[in-house]
Amino acid sequence: QVQLVESGGGLVQAGGSLRLSCVHSALTFRPYAMGWFRQAPGNEREFVAAFWSGGGTYYADSVKGRFTISRDNAKNTVYLQMNSLKPENTAVYYCAAKRGGYGSDYGLYACWGQGTQVTVSS
């Protein structure tokens, strides 16, 4: 089981930026994928961005050009840089990991962090 701990959430004005971090335990299996999801009150958890160990990054259409997923393997950390934030981006953001290749369905991910709240004010 992979342990995941998110941080970096907070309150920001519309148009501002935040960088989320996800520190994870060592991933001993290959291939794997890691992603960011978010869930707003009353909504289903939705895909934001992901990468997989074979290469390639993927984004939800709503965040393309504004959000960037990256990783620092030496620090076992995955980041989500969020720019030009909008009030509709307000949600709890979760980091997740799965065996196998890329996937955008949250049901495919077995390992989850506790989430970090992002609030964007108008």
Side-chain angles (χ1 to χ4, degrees):
Q1 189 80 349
V2 179
Q3 307 299 317
L4 305 157
V5 179
E6 303 97 332
S7 62
L11 174 64
V12 64
Q13 287 190 330
S17 299
L18 281 175
R19 188 177 78 159
L20 306 183
S21 300
C22 171
V23 179
H24 58 83
S25 57
L27 289 155
T28 58
F29 48 85
R30 296 288 187 278
Y32 67 86
M34 295 194 69
W36 287 94
F37 292 77
R38 64 188 177 192
Q39 188 166 19
N43 290 356
E44 257 200 15
R45 194 165 295 191
E46 64 175 2
F47 171 74
V48 176
F51 69 86
W52 75 288
S53 55
T57 54
Y58 307 88
Y59 297 92
D61 288 342
S62 61
V63 307
K64 280 180 183 175
R66 298 188 299 121
F67 291 13
T68 303
I69 188 170
S70 63
R71 56 181 162 167
D72 185 334
N73 291 333
K75 296 182 179 179
N76 279 356
T77 302
V78 177
Y79 302 99
L80 184 69
Q81 177 67 43
M82 305 186 295
N83 299 329
S84 302
L85 282 161
K86 305 175 181 180
E88 53 263 41
N89 299 143
T90 294
V92 177
Y93 283 70
Y94 298 91
C95 180
K98 66 181 288 292
R99 291 180 181 267
Y102 158 74
S104 61
D105 181 348
Y106 70 84
L108 298 174
Y109 288 74
C111 304
W112 292 86
Q114 82 289 349
T116 185
Q117 176 70 48
V118 171
T119 303
V120 184
S121 63
S122 56

Connected to Leu4, directly or through other members, by ILVMFWY side-chain contacts below 4.5 Å are Val2, Val12, Leu18, Leu20, Leu27, Phe29, Tyr32, Met34, Trp36, Val48, Phe51, Tyr59, Val63, Phe67, Ile69, Val78, Leu80, Met82, Leu85, Tyr93, Val118, Val120
Does Gln13 CD have over 12 foreign heavy atoms under 6.0 Å away?
no
List the steps, then state whether side chain to side chain contact (heavy atoms under 4.5 Å, CB included) holds for Ser17 with Asn83.
CA-CA 4 Å; Ser17 299; Asn83 299 329; 2.9 Å; yes
Enumerate the salt bridge (charged side-chain N to carboxylate O under 4.0 Å, His left out) contacts for residues 87-97, please, sequence neighbours excluded, ordered by first and then second residue.
none
Closer than 3.5 angstrom, by distance alone: can the side chain of Gln114 be matched with the main-chain N or O of Glu6 as a donor-acceptor pair?
yes
Side-chain heavy atoms under 4.5 Å apart, restricted to Ile/Leu/Val/Met/Phe/Trp/Tyr: what other residues fall into the cluster of Phe37, or is it alone?
Phe47, Trp52, Tyr58, Val92, Tyr94, Tyr102, Tyr106, Leu108, Tyr109, Trp112
Nearest atoms (heavy-atom pairs only) where Ser122 meets Ala14
CA-CB, 4.4 Å
With salt bridge (charged side-chain N to carboxylate O under 4.0 Å, His left out) as the rule and sequence neighbours excluded, what pairs involving residues 22-51 come up?
Arg38-Glu46
In the structure I gave you, are the side-chain heavy atoms of Gln117 and Thr90 within less than 4.5 Å of one another anywhere?
yes
Quick one: does any side-chain atom of Gln81 pair with a main-chain N or O of Thr68 as donor and acceptor, under 3.5 Å?
no
What residues, two or more places apart in sequence or in another chain, satisfy side-chain contact (heavy atoms from CB on, under 4.5 Å) together with Thr77?
Ser21, Val23, Lys75, Tyr79
Can you list every salt bridge (charged side-chain N to carboxylate O under 4.0 Å, His left out) pair that touches residues 97-110, not counting sequence neighbours?
none
